[in-house]
Student: 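If you scroll down you'll find the structure; I have some questions about it.
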Amino acid sequence: MAGDRQATEGFEVSSRRIEKVYKADDYSVIAMAGAAGPCLEMIKLFQVEMEHYHKIEGETLALDGKANKLAQMVKQNLPAAFQGLIVIPIFAGYDLRLQQGRIFKYDVTGGRYEELQFYATGSGGKEARSTLKKFFKADMSREAALALAIEALVDAADIDVGTSGPDLIRGIYPVVKMVTCHGVTDVSNDELRPLSERLIAALQG
Amino acid sequence: MAVPFYVSPDQIMQDKAEYARKGIAKGRSIVAVEYVDGLLLMAENPSASLNKISEIYDRIAFAGVGKYSEFENLRKAGIRYADLKGYSYSRQDVTTKSLANAYSETIGTIFTRDPKPLEVEILVVEVGETPAQNEMYHVSFDGTITDRRQFAVIGGQADRIRTYLQEHYRTDLPLAEALALSRQSLLAGYERPPAEESALEIGLLERGRVGRKFYRMTQAEAARAMAATNNGS
């Protein structure tokens with residue numbers, strides 16, 4: 001899961017370094033698009049809920065259980081969404097029972113839909129999805145998947161003013177997290193830098 | 001109007017304490033031991049699913065003896081208390097001292113106000129950033145709270161086990177030796193050594209772990225660790 005780093009306030013950039021992708025627990029990650037305050041609040045509460053359940057019950061929720069819990073939280077936000085404070089998450093994780101990765105998208109009413117290959121959301125989501133749709137392959141290597149995720153963000157930033165690409169001048173790169181059967185890992189800037197440079201060089205044509 | 005018989009507060013408290021002690025004495029004991037890289041909790045527990053040892057928060061663990069349903073309720077209340085506090089303030093504001101005090105208050109109030117006292121004894125322990133910052137609190141059935149260093153024991157055979165640990169404990173034990181010492185001390189709790197050893201439940205608070213420090217060690221892992229140092233048996 002990869003997310004760009006830009007936050008906007010009207011027509012201004014309010015932050016170049018905001019993080020939109022978070023580890024939810026040992027086997028899942030979450031990212032959100034929409035109003036920053038409610039988004040971060042919902043992520044924080046979701047993380048606490050996952051940990052709390054684990055400690056009280058002595059075992060973690062099934063991935064479906066986590067996805068459903070998040071759906072309820074999005075649904076609870078509906079009155080605020082009507083006033084403009086929309087929160088739309090993407091949730092993804094490794095399902096230990098089915099032994100496969102899974103992706104869930106949501107709508108504003110708390111509707112939960114499983115995506116089989118990829119998904120992107122937010123103001124540049126449509127552009128990112130176009131890139132993913134064109135180049136996605138089911139048997140991609142880790143490196144290829146990483147390159148495709150960054151390319152989708154670069155393409156989104158190319159068209160959408162609300163999305164920023166990798167910022168080579170300031171050294172700001174997207175936040176990228178990987179989930180495998182061994183858990184969640186962060187992708188380091190050292191790995192993202194050469195990928196980003198190659199993609200941006202390709203834009204120079 | 002019927003006047004109830006007068007019973008002195010002394011007598012009431014004594015009776016309650018005796019009742020609670022009897023309940024606790026029925027169960028096996030739990031030891032907590034400081035070792036060089038953290039803290040270890042060990043219990044004899046034939047059940048693999050009804051735990052006596054649990055994680056509470058990043059650096060904090062819990063152990064309870066006595067009536068399962070009662071210390072299980074206390075365990076859950078502790079987790080709720082810690083998670084709520086960490087969510088409303090910050091993760092570093094969840095302290096073992098305040099949690100142990102909350103436990104002491106709850107158990108103490110029940111002891112004085114309710115007809116039936118809780119038949120439990122609990123340990124609340126925290127691994128510090130340095131060994132000197134480790135904390136161990138023992139809360140008794142009447143709410144009495146005491147802080148311990150090096151090791152702590154709760155349960156029916158606590159006296160014998162404590163004597164054993166006083167004689168054999170030394171500081172800066174490596175994990176394998178601390179495991180062996182804890183197991184030996186639990187065996188020392190028996191008047192006659194049992195024919196076969198009961199299953200062990202082991203929880204570790206490892207200082208070197210990132211984020212949540214609690215780790216539930218399986219008996220097989222513990223056996224391997226102890227075997228590696230040769231003085232495990």
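A note on names: the letters A, B, ... follow the listed sequences, proteins ahead of strands, and every chain is numbered from 1. This one's a predicted model, so the numbers in the text were calculated from it and none came from an experiment. All values below come from the heavy atoms of this structure, side chains included, with hydrogens, waters and symmetry mates left out.
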Student: Output the residues of residues 84-96 of chain B for which the shortest heavy-atom distance to chain A is under 4.5 Å, in residue-number order; output 'none' if no such residue exists.
Tutor: Tyr87(B), Arg91(B)
Student: Let me know if Tyr57(B) has heavy atoms under 4.5 Å from chain A in its side chain, its backbone, both or neither.
Tutor: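 Both backbone and side chain.
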Student: In terms of heavy-atom contacts, does NZ of Lys116(B) have more than 12 from other residues, nucleotides or ligands at under 6.0 Å?
Tutor: yes
Student: Is it true that, when you exclude Gln100(A) itself, more than 12 heavy atoms of the residues, nucleotides or ligands shown sit nearer than 6.0 Å to its CD?
Tutor: yes
Student: Measuring from atom CD of Gln47(A) to atom CG of Asp83(B), what distance do you get when rounded to the nearest 0.5 angstrom?
Tutor: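 The distance works out to 12.0 Å.
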Student: Counting only heavy atoms from other residues, nucleotides and ligands, does the tally under 6.0 Å from NZ of Lys44(A) exceed 12?
Tutor: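 Correct, the count exceeds 12.
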Student: So which part of Arg80(B) gets closer than 4.5 Å to some heavy atom of chain A, the side chain, the backbone, both or neither?
Tutor: both
Student: Does Glu105(B), at its CD atom, have more than 12 non-hydrogen atoms belonging to other residues, nucleotides or ligands within less than 6.0 Å?
Tutor: no
Student: Considering heavy atoms only, which positions within residues 55-77 of chain A lie below 4.5 Å of chain B?
Tutor: Lys55(A), Ile56(A)
Student: Looking at CZ of Arg212(B) and CG of Asp25(A), how far apart are the two atoms once the value is rounded to the nearest 0.5 Å?
Tutor: 8.5 Å
